[in-house]
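A short write-up of the structure that comes next.
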Amino acid sequence: MTQFKSNGILIECIQGNIAEQPDMAAIVNASNAQLRTGGGVAGAIHRGAGPGLAAECREFAPIRPGQAIITGAHRLPNRHVIHCLGPVYGVDEPSDELLASCFRNALKLAEENDVESIAFPAISTGVFGFPLQSAAKIALKTVLDVLPDLARVNHIRFVLFSDVDLQVFAETLSASTKA
Ligand code: ADP
């Protein structure tokens, strides 16, 4: 299942590029501690945003695993970028709890900044090595647990880079929402 709706809030999983989500108010960056550009998600977002993003990020760095900060989106077609530092799997412990904190903290910032739609990548599942299936379970469980507290956010999108990653998220969404 790639879509789930509860209390007027849509959760969906799609395949795509996180830096190409023009209909979302905010996109989430799987950032590094220094909030600099890099490979993967951070590279795509900083390339799309232009150098103004790195300049705005400088005063917030470094951030800790599980933490999130919010900036403007510069040349990206969104209003905000929310930068999360995911845990490095097997190094930043407890990895599960720190990954859940990323999603909780990003949604808290979205609520505080009047963000109605937010797109997440699969944080920590690239160079940070988190197994995709566990990461999908944590991401979806955390978001589903927070749903009742959301007053502003009404659309949460997971943007997965590959077919296989999308399939894992879609299966996990089905399993997590079974009564
Ligand atoms: P981390 O350092 O948190 O592991 P990465 O950027 O290395 O972050 O990767 C996180 C996930 O995002 C991986 O599953 C990777 O395949 C995926 N990914 C890489 N580039 C993009 C992109 N442009 N849009 C969406 N997902 C992406």
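This structure is a prediction, so every number in the text was calculated from the model and none was measured. As the structure lists them, so they are numbered: ligands from 1, and atoms in each ligand from 1.
Checking only distances, G129 never comes within under 3.5 Å of ligand 1, N or O to N or O.
Between K137 and E171, no side-chain nitrogen of the basic residue sits less than 4.0 Å from a carboxylate oxygen of the acidic one, so the salt-bridge criterion is not met.
Residue G16 approaches ligand 1 through these ligand atoms, each under 4.0 Å from one of its heavy atoms: 24 (N), 25 (C). Below 4.0 Å from some heavy atom of N17 lie the following atoms of ligand 1, by number and element: 22 (C), 23 (N), 24 (N). Ligand 1 places these atoms under 4.0 Å from at least one heavy atom of A44: 23 (N). Distances below 4.0 Å separate heavy atoms of A122 from the following atoms of ligand 1: 10 (C), 11 (C).
The closest protein non-hydrogen atom to atom 4 (O) of ligand 1 is G126 N, 2.8 Å. When only non-hydrogen protein atoms are considered, atom 3 (O) of ligand 1 lies nearest to S124 N, 2.8 Å. With respect to atom 8 (O) of ligand 1, the closest heavy atom belonging to the protein is A30 CB, 3.6 Å. Atom 13 (C) of ligand 1 has its closest protein heavy atom at T125 OG1, 3.3 Å. Counting protein heavy atoms only, atom 12 (O) of ligand 1 is closest to V41 CG2, 3.4 Å. Summary of contacts: the protein heavy atom closest to atom 25 (C) of ligand 1 is I18 N, 3.5 Å. From the protein, the heavy atom lying nearest to atom 7 (O) of ligand 1 is V127 N, 3.0 Å. Looking at atom 17 (C) of ligand 1, its nearest protein heavy atom turns out to be F161 CB, 3.9 Å.
Looking at Q67 and H83, their side chains never bring a donor and an acceptor atom within 3.5 Å of each other. A donor-acceptor contact under 3.5 angstrom links the side chains of E56 and H74, judged on distance only. Between the side chains of T142 and D145, no donor N or O sits under 3.5 Å from an acceptor N or O.
Every residue meeting the salt bridge (Lys or Arg N to Asp or Glu O under 4.0 Å) condition with D23, not counting sequence neighbours, appears here in chain and number order: R157. Applying the salt bridge (Lys or Arg N to Asp or Glu O under 4.0 Å) criterion to K5, with sequence neighbours excluded, gives no partner residue.
For the residue pair C13 and L160, the shortest heavy atom distance occurs at CB-CD2, 4.2 Å. Contact detail for H46 and N29: the closest heavy-atom pair is NE2-ND2, 4.1 Å.
Taking a 4.0 Å cut-off on heavy atoms, S162 fails to register as neighbouring ligand 1. Within the structure, the closest approach of G86 to ligand 1 does not fall below 4.0 Å when heavy atoms are considered.
Within a 6.0 Å radius of CZ in R75, other residues, nucleotides and ligands contribute 12 heavy atoms or fewer.
By the definition of a contact as any protein heavy atom under 4.0 Å away, atom 22 (C) of ligand 1 is in contact.
Taken to the nearest 0.5 Å, the CD1 atom of I63 stands 4.0 Å off from the OG atom of S31.
Contacts between D165 and ligand 1 below 4.0 angstrom, taking non-hydrogen atoms only, involve the side chain exclusively.
Side-chain contact between F120 and I156 is present, with heavy atoms from C-beta onward closer than 4.5 Å.
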